[in-house]
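Report on the following structure.
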Amino acid sequence: MADTELATQIKAALAGVEIPGGGDLATYAGLSEIIVTPGAVAFAIAVATGMEAAFGPARDEAHKLAQDLAGSRKVMVSITAEKSPAPKFGHGSAAPQGKTRVAGVKRIIAVGSGKGGVGKSTTSVNLALALAAEGLRVGVLDADLYGPSVPKLLGIEGKPAIRDDGIFTPHEAYGLKVMSIGSMLVPGQAVVWRGPMATSGLRQLLRETDWGGLDVLVIDLPPGTGDIHIALFQQTIIDGVVIVSTPQDLALIDAQKAIDMLRRMSVPVLGLIENMSYFIAPDTGHRYDIFGSGGAEKAAGTLGIDFLGPIPLVMSIRENSDAGAPPMATMPEGREATAYRAIARNVLRRIP
Ligand code: ADP
């Protein structure tokens, strides 16, 4: 069925859903656009703060009606309070009140960066593989809505399977369980999935996936600090955040902003990884500190966080990653893998 036709049909069905205070959902001003992608149907119901529970039955009914029409597509219906309560900034910082763990996942490590293009996703994937090489059961959740590259890095295509009960079965690659927000989008549609839609989409990927018992889930965050970060950190117990930066860029300055936000939201910062730290010549194997060495380590000191280690700038990291063959999996004895493994051990030492 054409996407617009399905959206119209669902909207028509929502006319039969009664909402608190009278009226129906189809004509309710708080109903968002109904987004239909090849794999998903998503819409949100904005309600006044405090009315979330009252709208629960309407949401459930809407979900059922939409699912009846959507066939194999995954339906995501979220209720969003119009003004989400601001994270408690200031002294005393917010206690992890209301934050919960994810079923089937023991620990969550999130990987962030001040800006895009610093190698955050590449680092997430190889860090996950390095953690798996330590004997842990590991998953990756690609939450980088604006540049979901994990499927490509791991050579994954298509959508995750959905069980009869609506729960996702993650992809598997190189022994990792993998979910990506990218597989729920069609190219060019990322912009539509802003704000509440993106955060509730991510919440469902995180919580409605059968992770099958993981020791660690690595979440590849979007760069910077935005709605996705705030929603995730408010709702979920994150055991630590790792920040990726390159030596020469201003991302180090942005990192300060990210770290301030994390502290205010009571999310532990595990430390800083310096990516593209030094160059290894492909012909001789010699190391060149082309950006001067120790920049990130010094910056970590200034920021008051730990330095987790450097990753070299190596052509093979880019070439293999582009081909869906991460160096940590395909060249486990290589220099790159050694660097990722050392960082993985540093990370593990810092989580309880
Ligand atoms: P981000 O997630 O921060 O946007 P990516 O992980 O997509 O960044 O990396 C950006 C580009 O840099 C990719 O082409 C990737 O292959 C390359 N890259 C990342 N880390 C390295 C590295 N250590 N050496 C060489 N190339 C790298």
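Start at 1 with the first residue, then count along the sequence. Whatever order the structure lists them in is the order used to number ligands and atoms, beginning at 1.
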Please write down residue, atom name and distance for the protein heavy atom closest to [atom].
{"atom": "atom 18 (N) of ligand 1", "answer": "Met276 CE, 3.8 Å"}
{"atom": "atom 8 (O) of ligand 1", "answer": "Gly119 N, 3.0 Å"}
{"atom": "atom 24 (N) of ligand 1", "answer": "Val314 N, 3.1 Å"}
{"atom": "atom 10 (C) of ligand 1", "answer": "Gly117 O, 4.1 Å"}
{"atom": "atom 17 (C) of ligand 1", "answer": "Arg318 CG, 4.1 Å"}
{"atom": "atom 6 (O) of ligand 1", "answer": "Thr122 OG1, 2.5 Å"}

Handout entry: Verdict with supporting geometry, Asp144 and Lys120, salt bridge (charged side-chain N to carboxylate O under 4.0 Å, His left out)
Key = CA-CA 10 Å; Asp144 190 352; Lys120 174 182 52 57; 3.1 Å; yes

Please determine if [X] has a nitrogen or oxygen closer than 3.5 Å to a nitrogen or oxygen of ligand 1.
{"X": "Met315", "answer": "no"}
{"X": "Asn275", "answer": "yes"}
{"X": "Lys120", "answer": "yes"}
{"X": "Ser121", "answer": "yes"}

Handout entry: Val118 contact mode with ligand 1 (heavy-atom cut-off under 4.0 Å)
Key = both

Practice task
For ligand 1, indicate whether the residue Asp220 contacts it via side chain, backbone, both or neither (heavy-atom separation under 4.0 Å).
Solution key: neither

Check: [X] side chain, [Y] main-chain N or O, donor-acceptor pair, under 3.5 Å:
{"X": "Trp211", "Y": "Leu217", "value": "no"}
{"X": "His171", "Y": "Gly158", "value": "yes"}
{"X": "Asp24", "Y": "Thr27", "value": "yes"}
{"X": "Ser113", "Y": "Lys115", "value": "yes"}
{"X": "Arg350", "Y": "Gly240", "value": "no"}

Problem - Any protein heavy atom nearer than 4.0 Å to atom 21 (C) of ligand 1 - result: yes

Exercise for the section: Quick one: do Asp322 and Arg318 satisfy salt bridge (charged side-chain N to carboxylate O under 4.0 Å, His left out)? Show the steps, please. Expected result: CA-CA 6 Å; Asp322 286 353; Arg318 192 170 62 75; 3.8 Å; yes

Handout entry: Pro312 near ligand 1 by a heavy-atom separation under 4.0 Å
Key = yes

Handout entry: Close approach of Ser113 to ligand 1, heavy atoms, under 4.0 angstrom
Key = no

Practice task
Output the list of atoms in ligand 1 that are nearer than 4.0 Å to some heavy atom of Leu313, sorted by atom number.
Solution key: 24 (N), 25 (C)

Practice task
Before accepting this row, confirm whether a basic side-chain N of the pair Asp68/Lys64 lies closer than 4.0 Å to the acidic partner's carboxylate O.
Solution key: yes

Problem - Residues Arg341 and Glu134 bridged, charged N to O under 4.0 Å - result: no

Problem - Lys NZ or Arg CZ of Lys99 over Phe233 ring: under 6.0 Å, within 45° - result: no

